[in-house]
Amino acid sequence: MRVLILGGTTEAASLARQLANGTHFEATLSLAGRTSAPAAQPLPTRIGGFGGVEGLVRYLEAEKIETVVDATHPYAAQMSAHAVAACRQTGLPLASLTRAPWTEQAGDRWQHVSNTESAAMVLGEPPRRVFLTIGRQELPVFASAPQHHYLARLIDAPKGERLPPDLVLLQARGPFDLAAETALMRDERIDVVVSKNAGGDPTYAKIAAARTLGLPVIMIARPDKPAGHVVTSPAQAVQWLDHVRRSLRGV
Ligand code: NAP
């Protein structure tokens, strides 16, 4: 069965590995192309946007895709909306691989905000030393709060966007561990962390490190993402795919 995986996450890569090891699925992994050197994958990979819902519908039809798994990041709401619309138009089954959000633990000092602009605003007037772990695309938002010192961790350096003046870039790809995160925040004299609620293990250490150091975390809320049939792990996605395959093939 021909499967399209919308990726860009650890779970998508894990699902790709599981499908590559089996014999029932011919899967393609799709990446947006945000990182210049994406990790190697064991499946055919296509890179770049489809061109909206219409472009995705054209791709699904041209490639004779029979089912879609949306394994995009919890903050990639547009791609998920397009997947729901395109699968509705084409009548294809769609599963959405969702990751449970992190929840506050005793000792956490989270301040919840609804978007990145609010995160920049609630940093306040007095200059602070901020650890920004929100990726590259929304860094320019913090140019509106230029009084702070920012340490921004990202996979690829920004290109040509307007950035806050006092910014140090740290290029790194997770997973990260607690000892290293705690040492980084201590050495850099960080006094506040700005994070998305990504969920999952690979990037959780910064949250635990902030707790250990007694630091506040400004937590940007997840967007509402439209979804198909919800699955919560790559293994569940494989089970669902198998179920769809059996019903399509009548076996
Ligand atoms: P987005 O806002 O939901 O999508 C913007 C546009 O990027 C989509 O309309 C689509 O372009 C293209 N696109 C997104 N994901 C794609 C995919 N897997 N394959 C092909 N095209 C894709 O997405 P985003 O927040 O920019 O995220 C981009 C990618 O980075 C996603 O793959 C996501 O899983 C990954 N990621 C995002 C975050 C985050 O914080 N947002 C964090 C980690 C990883 P067209 O309309 O032209 O088809």
Side-chain angles (χ1 to χ4, degrees), residues 3-16 19 27-39 41 43-63 65 67-87 89-90 94-99 101-102 113-117 119 132-142 152-156 158-159 161 171-176 193-204 206-207 218-228 234 237:
V3 180
L4 175 68
I5 306 170
L6 300 169
T9 56
T10 317
E11 289 83 353
S14 161
L15 177 60
L19 296 189
T28 300
L29 177 65
S30 175
L31 301 173
R34 301 282 189 267
T35 51
S36 57
Q41 302 294 337
L43 284 179
T45 302
R46 64 158 303 287
I47 296 184
F50 297 95
V53 178
E54 294 73 23
L56 180 53
V57 167
R58 275 195 303 275
Y59 175 88
L60 296 171
E61 289 174 347
E63 295 299 318
I65 299 295
T67 187
V68 180
V69 179
D70 174 11
T72 54
H73 191 268
Y75 288 72
Q78 185 168 307
M79 188 67 250
S80 297
H82 291 180
V84 167
C87 286
Q89 262 186 55
T90 51
L94 168 70
S96 303
L97 181 40
T98 62
R99 225 190 251 170
W102 298 318
V113 294
S114 52
N115 53 40
T116 311
E117 287 71 16
L132 278 184
T133 63
I134 54 161
R136 189 185 70 208
Q137 292 186 87
E138 284 142 302
L139 272 191
V141 169
F142 291 86
R153 182 166 60 202
L154 20 77
I155 294 175
D156 281 319
K159 308 173 198 125
E161 294 103 340
Q171 277 182 254
R173 197 194 290 261
F176 303 104
V193 178
V194 178
S195 176
K196 293 177 176 174
N197 194 338
D201 295 334
T203 61
Y204 183 69
K206 64 189 171 192
I207 305 298
I218 297 174
M219 189 62 86
I220 301 168
R222 287 184 172 197
D224 281 335
K225 249 169 87 105

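Throughout, numbering of the chain's residues begins at 1 and tracks the sequence. Both ligands and their constituent atoms are indexed starting at 1 by order of listing.
- With hydrogens left out, the protein atom closest to atom 30 (O) of ligand 1 is Arg34 CG, 4.2 Å, a heavy atom.
- Checked against a 3.5 angstrom limit, the closest N/O atoms of Ser80 and ligand 1 fall outside it.
- Below 3.5 Å of separation, one finds an N or O of Phe50 facing an N or O of ligand 1.
- Residue contacts with ligand 1 leave out Gly135, since none of its heavy atoms falls under 4.0 Å from the ligand.
- What you find for Ala77 and Pro226 is that their closest heavy atoms are O-CD, 4.2 Å.
- The closest approach between any non-hydrogen atom of Ala12 and ligand 1 is not below 4.0 Å.
- Side chains of Gln89 and Val53 form a contact here, defined as non-hydrogen atoms less than 4.5 Å apart.
- Between Leu31 and ligand 1 there is a heavy-atom distance shorter than 4.0 Å.
- Within the structure, every pair that satisfies the side-chain hydrogen bond (donor to acceptor under 3.5 Å, both in side chains) test and touches residues 70-80, not counting sequence neighbours, is listed here: Asp70-Thr72, Asp70-Ser80, Thr72-Ser80, Thr72-Lys225, Ser80-Lys225.
- Distance check: Arg46 CZ to Leu4 CG gives 7.5 Å after rounding to the nearest 0.5 Å.
- Proximity of Asn115 to Val141: side-chain heavy atoms (C-beta onward) are nowhere separated by under 4.5 Å.
- A distance of 5.5 Å separates CD1 in Ile5 from CG in Leu29, rounded to the nearest 0.5 Å.
- Remark: ligand 1 and His73 share an N or O pair separated by less than 3.5 Å (distance only, no angle test).
- Remark: ligand 1 and Gln78 share an N or O pair separated by less than 3.5 Å (distance only, no angle test).
- Distance alone, capped at 3.5 Å, is enough to place a donor-acceptor pair between the Thr45 side chain and the Leu43 backbone.
- Counting heavy atoms from C-beta outward, Phe50 and Val57 have side chains that stay 4.5 Å or more apart.
- Per-residue contacts place Gly52 under 4.0 angstrom from the following atoms of ligand 1 (heavy atoms of the residue considered): 45 (P), 46 (O), 47 (O), 48 (O).
- Taking OG1 of Thr35 as the reference point, atom CD1 of Ile155 lies at 6.0 Å (rounded to 0.5 Å).
- Of the listed residues (Ser30, Ala76, Ala83, Pro223), the one carrying the non-hydrogen atom nearest atom 25 (O) of ligand 1 is Ala76.
- Polar contact with ligand 1: absent for Leu6 (N/O pair, distance under 3.5 Å).
- Within the structure, the closest approach of Gly55 to ligand 1 does not fall below 4.0 Å when heavy atoms are considered.
- Residue Lys196 approaches ligand 1 through these ligand atoms, each under 4.0 Å from one of its heavy atoms: 39 (C), 40 (O), 41 (N).
- Taking only non-hydrogen atoms, the option from Pro38, Gly49, Gly7, Gly174 nearest to atom 11 (O) of ligand 1 is Gly49.
- The backbone N or O of Tyr59 sits nowhere less than 3.5 Å from a side-chain atom of Glu61 that would complete a donor-acceptor pair.
- Distances from atom 24 (P) of ligand 1 to the heavy atoms of Met79, Arg136, Glu54, Gln137 put Gln137 nearest.
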